There are 2 protein chains.
Amino acid sequence: MTRPDVSEERKRQILHAAAQVFDRRGIEAARMEEIAQEANLSVGGVYWYFKSKDAIIHALLDKMFNADLDGLHALLVAEGSVRDRLITYAREELATARSPLRSELYNLATRSDSACAQVLEYLNELKRLLAALIQQGIDRNELRPLDPVTAAQTLMAAYEGFAELAMLGFTLSDPERDLLAMLDLILDGMSQPPKPATTTTVSTPVFSSDEWQAATQP
Amino acid sequence: MTRPDVSEERKRQILHAAAQVFDRRGIEAARMEEIAQEANLSVGGVYWYFKSKDAIIHALLDKMFNADLDGLHALLVAEGSVRDRLITYAREELATARSPLRSELYNLATRSDSACAQVLEYLNELKRLLAALIQQGIDRNELRPLDPVTAAQTLMAAYEGFAELAMLGFTLSDPERDLLAMLDLILDGMSQPPKPATTTTVSTPVFSSDEWQAATQP
DNA sequence: TCGCATTTACTGAATATTCATTCGGTTTAA
DNA sequence: TTAAACCGAATGAATATTCAGTAAATGCGA
């Protein structure tokens, strides 16, 4: 009677498929039919494991958020300068950033109370972890004394905003270079003045000065 | 035969109504019926002025983007320090920021080529104007010499990200205070070291130190 | 080691609902 | 009288969810 339990495996399959379809169609436009196909199941098969489309979304959020927080947790106790670890975190985020999924989920959160609660819980935990990392930087004298929570929130806004812009294909050169340039700028501002400006290695201006000066007379 | 032309008036009515409905329901969930009602028209009446729902979205985007760019344009030639003007711009944005609309529109842009082009055009213009303003700051020695385009993009990411987070109700105290704290932090980093840290007047820490230090041992 | 019963895992057509859009008809101002 | 401005029921297409079945793995008795 006890058949080998495939439900964990199936759920993983379905969530993977859903992520793919959400990516290309958007959450609202994603059809259960297409998710089922992508998961090598029929519509009914998907409903065997998930109560509804919403349940899939919820589970997917959970998976993504946990993966993200786990990564940051690991960085909190990893070695290296705080600056380097913040950059590493940003780089890891970048991998996810260009997918419309995250923005869609946030978007959804503005309309569903339960989704909103889930997202806020994630954001608060993210803030706590980032603030802790920044506090580490202050304690080690890498960063100037600033309010770690404000700094954490600032970084979060920058990350989020960058992800949003990158998603739309709005970048100077390539996303990674732009991300690093942005972080260099912000982290320079947060660093101890002793080394006044850590040389901004990546940020090679891509526009000629003519080009942006033209903006003054449009 | 030449009746007084009400079409401009009607279009304004409809766009206003659409903005309201998009705000509370989201773009996809907004029903033409509801937009029509809000505009004191029937469904057919709305279709008399707009070819489709997409046309309404497009026109609304156009209106919002132009209002934003016009405001920034005015700030570019206004008096006051660059810092103050960047703060003023951010404050003006904040008024719009808490509505899900902007995020929805971006979100939509990832799926419609024409919407995407429209958004990118706006973002590029925004970047040009912000870069020009920052260049002004460098020329006047208010800001340290940095790549104005990178700085502009950094500010844009921060603005966007902040708007996204504020939309979800993710703030320390009140949105305005948080926004100013964030900008102070970023602009301090961009300012000339001579006055090493412009006193961060608004950023009164809201969490006790116990509270965020707890984040280290979760 | 073969049926046979039983339960789990699945299928996909049918159902029900939800809108964007259309269009034949009505109102109103000139 | 005419044409622009408007109405709103009807149409049609899209799609989440259900459900009456089917397939297949397992245990069990002979």
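To find a chain, count down the sequence lines: A is the first, B the second, and so on, and within it residues start at 1. Predicted, not measured: the structure shown is a model, and the values here were computed from it.
- Across all non-hydrogen atoms, the minimal contact from B/Val119 to B/Phe65 is CA-CE1, 3.9 Å.
- Residue A/Ala131 comes nearest to A/Pro148 through the heavy atom pair O-CB, 3.7 Å, listed as atom of the first residue, atom of the second, then distance.
- If you take CE on A/Met32 and OH on A/Tyr47, they are separated by 3.5 Å, rounding to the nearest 0.5 Å.
- Residues A/Val77 and A/Arg85 come closest through the heavy atom pair N-NH1, 4.5 Å.
- Summary of the strand contacts: A/Trp48 and A/Val43 both lie near DNA chain C, and taking for each the nucleotide with the nearest heavy atom, the more 5' one is attributed to A/Trp48.
- Here the side chain of A/Ser81 pairs a donor or acceptor atom with the backbone of A/Asp84 at under 3.5 angstrom.
- Across C/dA9, C/dT11, D/dC7, the shortest atom-to-atom separation from the side chain of A/Asp5 is found for C/dA9.
- Scanning both residues, A/Ile186 and A/Ala158, for their nearest heavy atoms gives CD1-CB, 3.7 Å.
- Within 6.0 Å of atom CG in A/Asp113, 12 or fewer heavy atoms from other residues, nucleotides or ligands are found, so the atom counts as exposed in its surroundings.
- For A/Tyr47, the listed nucleotide lying nearest its side chain is D/dT17; candidates were D/dG8, D/dT17, D/dC6.
- In this structure, the side chain of A/Asp62 does not engage the main chain of A/His58 through any donor-acceptor pair within 3.5 Å.
- For DNA chain C, the residues of residues 7-39 of chain B within the heavy-atom distance limit of 4.0 Å (strictly under) are B/Ala30, B/Arg31, B/Met32, sorted by number.
- For the contact set between residues 52-62 of chain A and DNA chain D, defined by any heavy atom under 4.0 Å, the members are A/Ser52, A/Lys53.
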